[in-house]
Amino acid sequence: REPKQQQQKQKAYGVQAPAVKPRATARQPPPACSVPLELVFVSAEVAPWSKTGGLGDVMGALPRAMAARGHRVMVVAPRYTNGGKDIAKYKDTKPLAKSVWVELNNSWHELKYHTVARDGVDYVFIEHMCYQREGTPYGDASGPFADNLFRFALLSLGALEAPLNLPIKRDLQTGAPLDEVYGQDVLFVANDWHAGLLPLLLTARFRPYGVYANARCCLAIHNLAHQGSHEASRFHDIGLSGDWYSALEWQDPGDKQRKKTINVLKAGIVTSDLLLTVSQGYAAEITGMPQDARVDMLLAQRANKLRGIVNGIDINEWDPETDKHLAATYSAYDLSGKAVCKRALQREMRLPLEPDMPLVGFIGRLDYQKGPDLLLDALPTLANLECQVVLLGSGAADYEARLKEASHEFGWCCRGHVGFSVPLSHKIIAGCDILLMPSRFEPCGLNQMYAMRYGTVPIAHATGGLIDTIQDFNPFAKGDGEGTGWTFAPAAVEPMVAAVSTAVKLFREDPERWRALQLRCMFVDSSWEHAAQQYESVLCEVMADAVQYSRK
């Protein structure tokens with residue numbers, strides 16, 4: 001088969017392309033654990049039911065990948081109804097007859113559960129009146145909900161009760177219901193601060209009574225910018241005795257007023273058996289560089305229990321060979337459809353139909369983190385380089401205004417779309433030659449992996465997961481070079497423009513090496529199956545270790 005693939009590549013490119021490994025097949029490596037794991041993922045979001053960002057995508061994909069590797073998997077999340085507008089999202093779920101009463105903030109609350117089984121995963125949604133109000137999972141037009149500490153403490157308690165009370169266990173081989181509970185010997189994976197109280201509540205309210213004695217809990221940090229920091233007086237909302245206050249208390253060393261707070265993420269960090277984050281690069285940053293509220297000092301103390309694993313992407317949704325949003329589909333062996341996509345994108349964005357002019361794309365939130373100001377400041381230089389630029393995103397009002405102004409001032413080479421559009425995001429990923437990611441920090445990042453799968457070369461600030469997923473192009477390597485893109489540092493206009501200039505020069509002057517670069521990008525394995533193997537190895541490791549935090 002390989003000689004035939006090589007012939008196809010030569011026909012597509014007109015050059016002698018280097019041999020590369022084929023894309024990952026459906027064949028799975030054997031599990032790393034001798035006994036299947038009993039996993040309970042706990043999250044504020046899970047796609048497709050609730051999603052505001054990357055966390056929802058991860059919870060929609062990683063549990064399925066772990067189930068495909070033979071593990072028993074449950075996902076627990078709130079049942080958000082958005083004032084009744086989103087009830088239809090849960091139409092396939094079924095309410096359980098079993099409900100649970102939990103004590104929180106000196107009162108008792110009834111939690112009802114709805115479940116559905118998909119792709120080998122048991123999805124569990126907690127029903128409570130605090131999840132029924134209109135708005136997003138976290139707030140409304142007025143800002144974050146004032147009782148978020150209570151709401152997410154309730155999520156953690158409901159998740160801790162689920163394996164003990166819900167008879168939803170199924171046979172791993174046949175999927176047939178067993179009418180049994182998961183039981184106590186489970187591994188919880190709490191995600192971000194919203195589930196950060198779970199390891200603390202596990203230690204304070206269950207283990208003293210012999211419950212979950214052999215359970216473990218990992219805390220997955222997706223974005224350290226959100227820590228669940230609250231006034232110290234809110235401690236009583238959690239329903240713990242004062243003996244546990246020290247597990248939550250946090251004082252920012254940089255705060256001149258020395259104000260004491262409770263920090264939910266801090267509680268999760270110190271009481272979890274293992275810490276996970278979404279890339280090795282981000283793991284290094286959050287332990288070695290100053291972070292919000294200086295929790296990096298705390299993480300540095302537990303660095304030996306911190307693991308970084310790069311997220312995967314949904315290779316079925318993001319596949320240039322089958323993408324329904326594109327003007328033409330294509331593959332690594334026939335890139336002719338990519339040229340059609342570029343022309344269609346230029347036409348849709350009202351740019352000149354110039355096939356030989358490099359087309360640079362940006363997709364992301366318009367905020368300080370994502371660095372759209374760097375790209376907008378660089379537009380005069382990019383115009384001199386004879387590049388076309390397309391931008392898609394929404395966010396801060398001042399950035400949105402600047403994007404509209406740029407589309408007017410540089411209309412002959414730059415077009416922006418304020419808002420978000422799934423079809424347009426696919427068209428930009430496929431139609432552009434280069435995807436620019438000037439993020440000031442990026443825990444993992446997904447767009448660079450989408451771009452590479454579509455043969456669009458990423459250029460990114462050297463931070464977090466962008467370092468882990470982009471190999472810098474080496475023009476001095478033998479043959480057609482090596483690498484999958486360019487990174488630059490620091491996050492400033494000059495080094496970013498220098499990287500773009502280097503890429504544009506290769507695009508114009510050496511099309512054979514450019515196409516070889518595209519080919520290397522398209523054959524990178526960024527699937528969730530690959531990420532799941534790494535998660536499996538780490539989670540098996542934590543189950544073999546002793547409990548790390550059994551008392552205050």
Side-chain angles (χ1 to χ4, degrees), residues 279 281 310 313 338 342 345 357-366 369-393 406 413-414 416 425 428-475 477 480-511 513-522 524 526:
S279 68
V310 173
I313 62 172
K338 186 168 178 63
K342 180 176 181 177
L345 179 61
M357 185 174 287
L359 182 55
V360 180
F362 169 92
I363 302 172
R365 292 192 315 274
L366 301 181
Q369 176 195 343
K370 299 297 183 180
D373 53 305
L374 300 180
L375 176 52
L376 294 171
D377 289 343
L379 281 179
T381 307
L382 296 180
N384 289 335
L385 289 173
E386 296 185 341
C387 293
Q388 294 179 332
V389 181
V390 294
L391 302 94
L392 170 65
C413 69
C414 174
S425 67
I428 291 174
I429 290 292
C432 286
D433 301 297
I434 296 167
L435 184 77
L436 193 56
M437 296 184 67
S439 302
R440 289 181 167 87
F441 68 93
E442 193 68 68
C444 179
L446 297 176
N447 284 341
Q448 78 277 14
M449 291 186 276
Y450 298 150
M452 287 190 284
R453 186 161 170 81
Y454 282 64
T456 300
V457 178
I459 299 177
H461 175 221
T463 183
L466 301 178
I467 299 175
D468 293 353
T469 52
I470 301 172
Q471 181 187 3
D472 281 308
F473 177 76
N474 179 7
D480 291 313
E482 62 182 24
T484 56
W486 286 266
T487 60
F488 61 88
V493 172
E494 291 77 10
M496 181 185 72
V497 168
V500 174
S501 299
T502 302
V504 167
K505 182 177 180 180
L506 183 70
F507 175 87
R508 288 200 171 108
E509 297 181 3
D510 201 339
R513 298 189 92 187
W514 180 266
R515 291 191 177 186
L517 170 59
Q518 289 179 298
L519 183 66
R520 288 192 297 274
C521 287
M522 297 181 78
V524 171
S526 297

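As a basis for the values below, the full set of heavy atoms in this structure was taken, side chains included, without hydrogen atoms, waters or symmetry mates.
No side-chain donor-acceptor contact under 3.5 Å links Q369 to the backbone of S439. At least one donor-acceptor pair under 3.5 Å links the side chain of D472 to the backbone N or O of T487. Remark: the backbone N or O of G281 is paired with a side-chain donor or acceptor of D468 at under 3.5 angstrom. Within the 3.5 Å criterion, the main-chain N or O of L435 finds no donor-acceptor partner in the side chain of T456. N447 places a side-chain N or O within 3.5 Å of a backbone atom of I363 that can act as its donor or acceptor partner. Listed for the S279 side chain is a donor-acceptor partner under 3.5 Å among the backbone atoms of P443.
Annotation: the span from L519 atom CG to T484 atom OG1 amounts to 12.0 Å, rounded to 0.5 Å. To the nearest 0.5 Å, the span separating CE on M357 from CZ on F507 amounts to 10.0 Å. Atom-to-atom distance recorded for L366:CG and L392:CG is 8.5 Å, nearest 0.5 angstrom. Between the CG atom in L446 and the OG atom in S526 there is a gap of 9.5 Å [rounded to 0.5 Å]. In this structure, T463 OG1 and F488 CZ are separated by 10.5 Å, a value rounded to the nearest 0.5 Å. The structure places CG of L359 at 6.0 Å from NZ of K342, a figure rounded to the nearest 0.5 Å.
Taking every heavy atom of both residues into account, G485 and V457 meet most closely at CA-CG1, 3.8 Å. When every heavy atom of I434 is checked against every heavy atom of A503, the shortest pair comes out as CD1-CB, 4.0 Å. Minimum interatomic distance between R513 and A477 (heavy atoms only, all atoms of both residues): NH2-O, 3.8 Å. Shortest non-hydrogen contact noted between I470 and P458 is CD1-CB, 3.8 Å. Between A499 and I459 the shortest heavy-atom distance is CB-CG2, 3.8 Å. Closest of all the heavy-atom pairs between C387 and V504 is SG-CG2, 3.6 Å.
A heavy-atom distance below 4.5 Å is found between the side chains of L506 and F473. M449 places a side-chain heavy atom less than 4.5 Å from the side chain of V310. You'll find the side chain of P372 stays beyond 4.5 Å of the side chain of L391, heavy atoms only. Residues R453 and I429 form no side-chain contact, since every pair of their non-hydrogen atoms from C-beta on lies 4.5 Å or further apart. Put simply, the side chain of Q518 reaches to within 4.5 Å of the side chain of K338, judged on heavy atoms.
Residue pairs meeting the salt bridge (charged side-chain N to carboxylate O under 4.0 Å, His left out) criterion with at least one member in residues 435-447, sequence neighbours excluded: K370-E442, D373-R440.
With sequence neighbours excluded, the residues satisfying side-chain contact (heavy atoms from CB on, under 4.5 Å) with S501 are L385, V497. Judged as a side-chain contact (heavy atoms from CB on, under 4.5 Å), and not counting sequence neighbours, the contacts of A489 are H461, A462.
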